[in-house]
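Everything on this sheet refers to the single structure shown next.
Both backbone and side-chain heavy atoms feed into the values below; hydrogens, waters and symmetry mates do not.
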Amino acid sequence: MAETYKNARLAITNSEQTIYTCSASGAIAVLVNLRVTNIDGATDDTVTVVVRDSSAGADTQIASTITVPADSAIDIVGDGAKMFLENGDSVKITGGNSSGDLIAFASVLEIT
């Protein structure tokens, strides 16, 4: 089994966007960390994170309109917690504001 470490970055807006998809044939992925940082010095924002289970054809919210205070960061996944994704599964993020002042950073381990 081969292990590949990947990072993904996304400027979050109020339109749902995919930050990561487990797309290698036969792969599984371990979402090791997903951090959302608010780079705006004055305005709080909110974030919603959804995992799309492609085999079930279903979305599951893992964070729903969580407030990210100005000039701070939150870990959606981290501190020892991990999420496992099957081939075709994806992680999608939506912010409350259209500004792009929220930045998401994901660390992923893909196993093929």
Side-chain angles (χ1 to χ4, degrees):
M1 297 178 96
E3 296 180 350
T4 305
Y5 295 92
K6 295 186 173 189
N7 293 319
R9 179 193 183 281
L10 178 67
I12 301 169
T13 66
N14 60 356
S15 296
E16 185 177 76
Q17 302 170 83
T18 300
I19 187 171
Y20 174 76
T21 300
C22 181
S23 59
S25 179
I28 62 167
V30 180
L31 183 58
V32 178
N33 187 272
L34 176 58
R35 173 169 279 222
V36 177
T37 303
N38 187 339
I39 60 172
D40 187 302
T43 305
D44 294 353
D45 201 346
T46 61
V47 66
T48 297
V49 181
V50 171
V51 173
R52 175 72 177 175
D53 182 340
S54 66
S55 62
D59 290 342
T60 301
Q61 287 187 350
I62 62 170
S64 180
T65 59
I66 302 294
T67 298
V68 185
D71 278 343
S72 67
I74 62 169
D75 286 328
I76 304 296
V77 176
D79 291 330
K82 296 174 182 63
M83 298 195 77
F84 297 90
L85 305 171
E86 299 171 326
N87 183 261
D89 292 355
S90 58
V91 179
K92 302 176 185 184
I93 303 177
T94 309
N97 298 333
S98 62
S99 63
D101 286 338
L102 293 181
I103 305 296
F105 187 83
S107 297
V108 180
L109 170 61
E110 274 189 4
I111 303 167
T112 55

Which heavy atom in [X] sits nearest to a heavy atom in [Y], and how many Å separate them?
X	Y	value
Thr13	Ser98	CG2-O, 3.9 Å
Val51	Leu85	CG1-CD2, 3.8 Å
Gly95	Asp45	C-OD1, 4.3 Å
Ile76	Ala63	CD1-CB, 4.0 Å
Thr94	Ile12	C-CG2, 3.8 Å

Pair Asn7-Arg9, side-chain contact (heavy atoms from CB on, under 4.5 Å): steps then yes or no | CA-CA 7 Å; Asn7 293 319; Arg9 179 193 183 281; over 6 Å; no

Counting distance only, does the side-chain N/O of Asp75 pair as donor-acceptor with the main-chain N or O of Val77 below 3.5 Å?
-> no

Just by distance, do the side chain of Ser107 and the backbone of Val32 share a donor-acceptor pair under 3.5 Å?
-> no

Cluster overlap Val68 with Val50, hydrophobic side-chain contacts below 4.5 Å = no

What distance do [X] atom [atom1] and [Y] atom [atom2] have between them, rounded to the nearest 0.5 Å?
X	Y	atom1	atom2	answer
Ile103	Asp101	CD1	CG	7.5 Å
Lys82	Leu34	NZ	CG	14.0 Å
Asp44	Leu102	CG	CG	10.0 Å

